[in-house]
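Reading through the structure tokens given below for one structure.
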Amino acid sequence: MLLFIAVLLALSCPAGRSEVVKNFNTCSEFFFKRQAPVIPGILDPNSEHPRYKKICQRYNFTGDGSGYRYATLYDTESRIPVFSAYNYTGKGDFTRPSIPWMIEPKLDPRVDGMTAPYNNQAVDEDYINNSYGVNRGHLFPSCHAADESTAKSTFTLTNIVPQNIRFNAGSWNRIENETRDSMNTLCYNKNNKVLAHVLTGAIPGKNKINNRVNIPSYMWTAFCCYNRSKIWVSEAYWAPNRQENHNEPISKMTLQQLQEFLNGSWAQNVTLFKNDCN
Ligand SMILES: *[C@@H]1O[C@H](CO)[C@@H](O)[C@H](O)[C@H]1NC(C)=O
Ligand SMILES: *[C@@H]1O[C@H](CO)[C@@H](O)[C@H](O)[C@H]1NC(C)=O
Ligand SMILES: *[C@@H]1O[C@H](CO)[C@@H](O)[C@H](O)[C@H]1NC(C)=O
Ligand SMILES: *[C@@H]1O[C@H](CO)[C@@H](O)[C@H](O)[C@H]1NC(C)=O
Ligand SMILES: *[C@@H]1O[C@H](CO)[C@@H](O)[C@H](O)[C@H]1NC(C)=O
Ligand SMILES: *[C@@H]1O[C@H](CO)[C@@H](O)[C@H](O)[C@H]1NC(C)=O
Ligand SMILES: *[C@@H]1O[C@H](CO)[C@@H](O)[C@H](O)[C@H]1NC(C)=O
């Protein structure tokens, strides 16, 4: 019943459906130099990995332009996103929206008119009453959105991972604040408008909620932008997805350090931004 309600709520959301695409070229505007990251075995320019689905996220599409809000690579086995990629252009003037969580119907197409069993994604019910002390953590946080519709578009479970409740509201929220302040200060495009390309991701861990949805071991984030001296700059952070430890503050790292960390603990030879943001 809960599942049914969740799905009904999800389906009753405003028009403007996202698209599951063959290639991130469809919404390349969210990537530095219009190039998606290279993550060998997970996201390669020239080969398909059926487990990982590329989503051009859309919400409240009015028919003007492409209507894409950000891009997500989604792991249909772990049922969590690998990363979400977005343009940060300054936080808009809105308060945190309160809307029902959405799902992505295109990840579980209907077969013979039957409702899909949601094998390929997390649903609301997965997150309810779990014994792991986790709740829904955004990759693209609504507090980095340029306007209210974009903020609402982040409330889809394809942009969400199970995050330790204290970490979500604590250290990781602090990092979201810090990167936002940093980008507001540093990142200006040629027209002197705030602009940064951001990638935020999760490394799958060992446990699952509801025996379905992976609880990531780590969260990571990096941005790449042009600074006021017209030089490409980047910053990165990562942190374990567990209750914060005040003795181990999370420090700002370089893009190289993040890629080395990912190489050691997740995927080898990752290139997050073309030419390492140079
Ligand atoms: C994102 O940034 C690129 C510049 O790299 C720009 O061309 C594009 O219009 C931006 N898209 C959105 C939706 O902000
Ligand atoms: C929540 O989970 C606990 C055990 O983890 C169980 O005893 C309880 O009945 C569950 N509550 C609901 C509303 O499902
Ligand atoms: C959809 O966009 C229109 C115009 O951009 C705006 O007026 C409206 O409030 C938006 N609706 C939602 C549900 O965000
Ligand atoms: C992050 O910033 C918001 C205001 O933008 C503030 O309400 C919140 O407490 C900050 N979070 C942390 C962990 O400091
Ligand atoms: C831009 O970045 C370069 C390289 O890190 C740095 O030397 C320069 O001071 C920065 N300019 C501004 C205005 O922050
Ligand atoms: C990544 O790790 C592999 C194996 O541990 C190593 O061969 C490779 O040089 C590493 N690459 C980078 C960029 O650190
Ligand atoms: C990573 O790069 C190293 C050195 O170029 C190579 O030996 C290794 O096979 C690569 N690993 C993957 C997973 O592509």
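Atoms within a ligand are numbered from 1 in the order they appear, just like the ligands themselves. Values below: all heavy atoms of this structure, side chains included; hydrogens, waters and symmetry mates excluded. Not measured: the values here are computed from a predicted model.
- At least one heavy atom of His197 sits closer than 4.0 Å to an atom of ligand 1.
- Taking every heavy atom of Lys152 and a limit of under 4.0 angstrom, the matching atoms of ligand 3 come to 13 (C), 14 (O).
- Counting side-chain heavy-atom gaps under 4.5 Å among Ile, Leu, Val, Met, Phe, Trp and Tyr, the cluster of Leu107 also holds Val20, Ile55, Tyr74.
- Protein heavy atom at the shortest distance from atom 7 (O) of ligand 1 is Arg34 NH2, 3.8 Å.
- The ring of Tyr226 has its center closer than 6.0 angstrom to the ring center of Trp232.
- For atom 14 (O) of ligand 6, the nearest protein heavy atom is under 4.0 Å away.
- Using cut-offs of 30° and 60° for the angle between ring planes, the Trp172 and Phe167 rings count as tilted.
- The distance criterion of under 3.5 Å between nitrogen or oxygen atoms is met by Ser149 with respect to ligand 3.
- For the pair Lys91 and Phe94, the distance from NZ or CZ to the six-membered ring centre is under 6.0 Å and the angle to the ring normal is within 45 degrees.
- Using a 4.0 Å cut-off between heavy atoms, Phe32 makes no contact with ligand 1 at all.
- Taking the ring centroids of Tyr86 and Phe140, they lie under the 6.0 Å cut-off.
- Residue-to-ligand polar distances keep Tyr68 apart from ligand 1: every N/O pair is separated by 3.5 Å or more.
- In terms of protein heavy-atom proximity, atom 6 (C) of ligand 1 is closest to Asn87 ND2, 4.2 Å.
- Under 4.0 Å is where a charged nitrogen must lie from a carboxylate oxygen, and between Arg69 and Asp147 at least one such pair does.
- Annotation: atom 5 (O) of ligand 6 to nearest protein heavy atom, Gln268 NE2, 4.3 Å.
- Heavy-atom contacts of Phe30 reach the following atoms of ligand 1: 13 (C) (cutoff under 4.0 Å).
- In this structure, Asp93 places its CG atom where only 12 or fewer heavy-atom neighbours from other residues, nucleotides or ligands lie under 6.0 Å away.
- The shortest heavy-atom contact between Arg136 and Asn168 is O-ND2, 3.0 Å.
- Under the 4.0 angstrom criterion, atom 9 (O) of ligand 6 counts as lacking any protein heavy-atom contact.
- Ring centers of Tyr218 and Trp266: at least 6.0 Å apart, outside the cut-off.
- When Thr271, Leu262, Asn263, Val270 are checked for heavy-atom proximity to atom 11 (N) of ligand 6, Asn263 turns out nearest.
- Set against the non-hydrogen atoms of Asn269, the atoms of ligand 6 under 4.0 Å away are 1 (C), 11 (N).
- At a 3.5 angstrom cut-off on N or O pairs, Asn60 counts as close to ligand 3.
- The contact set between ligand 1 and Glu29, taken as ligand atoms under 4.0 Å from a residue heavy atom, comprises 1 (C), 2 (O), 3 (C), 8 (C), 11 (N).
- Hydrophobic clustering places Ile103 together with Phe155 (ILVMFWY residues linked when any side-chain heavy atoms are closer than 4.5 Å, directly or through intermediates).
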